[in-house]
Amino acid sequence: MSKFNQYFLMEDEQDIAQYVKEKTIIFAPDAVLTVKEIGDGNLNYVFLVKEEAASKSIIVKQAGEELRISKEMRISTDRNRIEAEILELQNKFAPGLVPLIYGYDTCMCAMLMEDLTRFRLMRYALMDYKTFPNFAEHITTYMVNTLLATTDAIMDPKDKKELQKKFVNPELCEITEDLVLTEPYNNCKNRNIVDPLISGFVQRELYDDKALHLAVAKLKFDFMTNAQALLHGDLHTGSIFVTPEETKIFDPEFAFFGPMGYDIGNIVANLFFAWNRGYAYGQTEFCNWVLKTTEDTVDLFNKKFLEYFKENVNDTMAKTEQFAEFYLADIMADTASYAGTELIRRTVGMAQVKDITTIEDDQKRAKAQKINILCAKNMIMNSKTFKTGKDFTNALLKAGGQV
Ligand code: SR1
Ligand code: MG
């Protein structure tokens with residue numbers, strides 16, 4: 001019997017080589033393979049498998065029962081199935097913008113996917129102040145096509161409910177409910193990581209601010225109950241591969257039906273982390289590109305949303321005049337709010353971002369963290385006033401001027 005008929009974590013590179021030979025028709029039994037673990041996320045193991053002689057390569061991604069970020073955290077390995085299935089679906093909605101999936105193995109909780117190692121992880125490229133002229137165009141097509149297409153306005157509500165059954169994702173949603181929408185405001189599980197230089201600021205601005213707690217409590221319950229669209233669920237710059245020409249969005253294991261502003265807000269916040277790093281290191285040209293890209297992302301999303309809505313709306317009541325604009329205004333308010341929660345959780349929560357943590361100068365790092373928090377609070381507390389790209393970048397620049 002094959003050793004791969006019972007789940008175990010393939011930590012050994014020889015296991016991976018044997019696995020792909022046995023379980024795929026891509027490599028012959030005598031192929032000479034090189035295997036390298038290239039995973040960079042908090043959850044899974046990712047291997048690059050290459051057969052140099054035949055110029056073939058694939059990626060194997062396996063879900064472990066314990067998370068990489070913390071051995072105490074155990075979540076269902078079914079997340080890998082969710083990821084493989086949603087990527088196949090998204091490839092229909094947004095062709096060319098997600099990696100190709102070659103197969104999924106329910107026993108080993110492993111998926112085989114297209115090798116994208118010619119791309120760079122966007123977070124690291126931004127940390128080197130690289131710019132990507134097509135990014136706003138690509139990410140807005142991806143978001144409009146995957147998010148709006150899975151709402152009740154466009155999709156047949158019965159088909160949508162069938163999809164909802166497939167993408168119920170309680171354990172990964174719980175991670176977000178805890179790490180993004182609870183702990184940053186009270187440290188109730190004692191897992192926050194607060195830079196000592198800003199501990200007084202965090203106490204005052206986050207832990208003691210009751211009005212903020214109420215606003216975030218409302219957001220948490222919106223996240224848990226508003227099954228608006230099929231989200232990526234963790235759409236940060238570590239879930240995006242880029243080249244100067246192309247963009248691929250991957251790693252949608254947190255996918256579920258939720259408020260679409262959560263995805264859009266994550267993009268905005270992660271662009272702001274890149275800006276903050278550039279600002280700390282005096283990279284003016286790069287910072288201007290980030291601001292322009294944020295504005296283009298919001299404005300193009302609005303434009304493409306209304307076009308897509310007009311062309312594809314099916315629900316009779318959703319065709320009512322001004323409904324699309326009303327729906328979009330709510331999405332923009334959610335975008336501002338969830339950009340705020342992402343900025344805050346990556347600054348004081350358990351899972352932080354290298355854009356900020358690697359700012360070497362203590363004072364500059366503290367300043368970046370304070371900008372994140374002040375900008376976030378403005379976006380959460382005044383979310384309904386956020387409509388255009390400039391509204392978002394003005395909030396960031398205003399926070400920068402206050403610190
Ligand atoms: C315990 S997992 C921590 C974070 O990593 C993932 O990428 C998600 O962002 C999650 O919140
Ligand atoms: Mg991830």
Side-chain angles (χ1 to χ4, degrees), residues 37-47 59-84 86-87 90 98-99 101 109-111 113 116 119-124 142 169-185 187-193 216 219-220 223-224 231-242 248-256 258 262-273 338-357 372 376:
E37 213 279 308
I38 56 165
D40 182 61
N42 293 323
L43 276 67
N44 303 302
Y45 297 84
V46 183
F47 296 90
I59 298 289
V60 179
K61 179 169 179 181
Q62 189 185 26
E65 289 171 322
E66 296 168 337
L67 302 194
R68 293 182 85 150
I69 190 174
S70 160
K71 298 277 173 233
E72 280 121 56
M73 292 177 80
R74 298 172 71 86
I75 51 170
S76 164
T77 46
D78 185 51
R79 62 185 188 268
N80 214 304
R81 186 229 7 125
I82 290 187
E83 179 169 346
I86 191 181
L87 282 172
Q90 289 185 335
V98 299
I101 298 300
C109 304
M111 91 181 118
M113 59 192 246
L116 293 177
F119 287 70
R120 274 195 86 184
L121 203 60
M122 188 172 183
R123 186 177 310 286
Y124 294 142
Y142 169 84
N169 199 351
E171 295 182 32
L172 280 92
C173 282
E174 186 185 28
I175 290 180
T176 304
E177 289 151 19
D178 288 347
L179 292 190
V180 183
L181 299 165
T182 301
E183 293 174 41
Y185 305 92
N187 198 17
C188 59
K189 291 196 180 164
N190 211 19
R191 298 192 291 197
N192 285 356
I193 304 168
V216 177
L219 288 171
K220 179 175 177 181
F223 179 87
M224 293 167 89
L231 309 190
H232 176 286
D234 196 25
L235 193 49
H236 55 80
T237 48
S239 298
I240 302 173
F241 281 130
V242 277
K248 301 269 186 194
I249 296 95
F250 70 109
D251 214 14
E253 64 199 325
F254 282 75
F256 79 112
Y262 189 77
D263 272 2
I264 315 161
N266 266 267
I267 289 291
V268 170
N270 280 272
L271 286 170
F272 284 6
F273 296 135
Y338 290 118
T341 57
E342 173 74 358
L343 282 168
I344 289 173
R345 75 93 166 214
R346 297 290 192 187
T347 306
V348 300
M350 170 186 176
Q352 307 207 347
V353 287
K354 290 201 175 111
D355 321 44
I356 304 296
T357 57
N372 286 342

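Computation of the quantities below employed the complete heavy-atom set of this structure, encompassing side-chain atoms and omitting hydrogens, waters and symmetry-equivalent molecules. Just follow the structure's listing: the first ligand is 1, and inside any ligand the first atom is 1.
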Atom indices of ligand 1, in the order listed, that fall short of 4.0 Å to a heavy atom of [X]:
{"X": "Ile69", "value": "1 (C)"}
{"X": "Met73", "value": "1 (C)"}
{"X": "Ala351", "value": "3 (C), 4 (C)"}
{"X": "Leu67", "value": "1 (C)"}
{"X": "Arg346", "value": "9 (O)"}

Minimum heavy-atom distance Arg68-Gly39, with the two atoms named |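 Arg68 and Gly39 have their closest heavy atoms at NH1-CA, 3.7 Å.
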
Does [X] come within less than 4.0 angstrom of ligand 1, counting non-hydrogen atoms of the residue?
{"X": "Thr176", "result": "no"}
{"X": "Met350", "result": "no"}
{"X": "Glu253", "result": "no"}

Rounded to the nearest 0.5 Å, how far does [atom2] of [Y] lie from [atom1] of [X]?
{"X": "Ile38", "Y": "Tyr45", "atom1": "CD1", "atom2": "OH", "value": "15.0 Å"}
{"X": "Thr77", "Y": "Ile82", "atom1": "OG1", "atom2": "CD1", "value": "10.5 Å"}
{"X": "Ile75", "Y": "Glu66", "atom1": "CD1", "atom2": "CD", "value": "11.5 Å"}

Heavy-atom nearest neighbour in the protein, as seen from [atom], with distance rounded to 0.1 Å:
{"atom": "atom 2 (S) of ligand 1", "answer": "Leu43 CD1, 3.4 Å"}
{"atom": "atom 10 (C) of ligand 1", "answer": "Phe254 CZ, 3.8 Å"}
{"atom": "atom 11 (O) of ligand 1", "answer": "Arg345 NH1, 2.8 Å"}
{"atom": "atom 4 (C) of ligand 1", "answer": "Asn42 ND2, 3.4 Å"}
{"atom": "atom 6 (C) of ligand 1", "answer": "Asp234 OD2, 3.3 Å"}

May I ask you to say whether Glu72 pairs ionically with Lys189, meaning some side-chain N is under 4.0 Å from a carboxylate O?
->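 Looking at Glu72 and Lys189, the cut-off is not met.
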
Between Asn44 and Glu83, does any side-chain donor sit less than 3.5 Å from a side-chain acceptor?
->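 Asn44 vs Glu83: no donor-acceptor pair found between side chains.
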
Chi angles and distances behind the side chain to side chain contact (heavy atoms under 4.5 Å, CB included) call for Phe223, Thr341 = CA-CA 12 Å; Phe223 179 87; Thr341 57; over 6 Å; no

Specify side chain, backbone, both or neither for His236, according to which of its non-hydrogen atoms lie closer than 4.0 Å to ligand 1.
->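 Side chain only; the backbone of His236 stays clear of ligand 1.
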
Report the part of Gln352 (side chain from C-beta onward, or backbone N, CA, C, O) that has a heavy atom under 4.0 Å from ligand 1; answer both or neither where that applies.
->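 It is neither; nothing of Gln352 touches ligand 1.
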
Quick one: sort the Phe119 and Phe241 rings into parallel, tilted or perpendicular, breaks at 30° and 60°.
->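 Rings of Phe119 and Phe241: tilted, 30 to 60°.
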
Check the pair Phe273, Lys354 against side chain to side chain contact (heavy atoms under 4.5 Å, CB included), reporting the backbone distance first and the verdict last.
-> CA-CA 9 Å; Phe273 296 135; Lys354 290 201 175 111; over 6 Å; no

Could you tell me whether any N, O or S atom belonging to Asp251 is less than 2.8 Å from the Mg ion (ligand 2)?
->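 Short answer: yes, at least one N, O or S atom is under the cut-off.
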
Show your reasoning for whether side chain to side chain contact (heavy atoms under 4.5 Å, CB included) applies to Tyr124 and Val242.
-> CA-CA 10 Å; Tyr124 294 142; Val242 277; over 6 Å; no

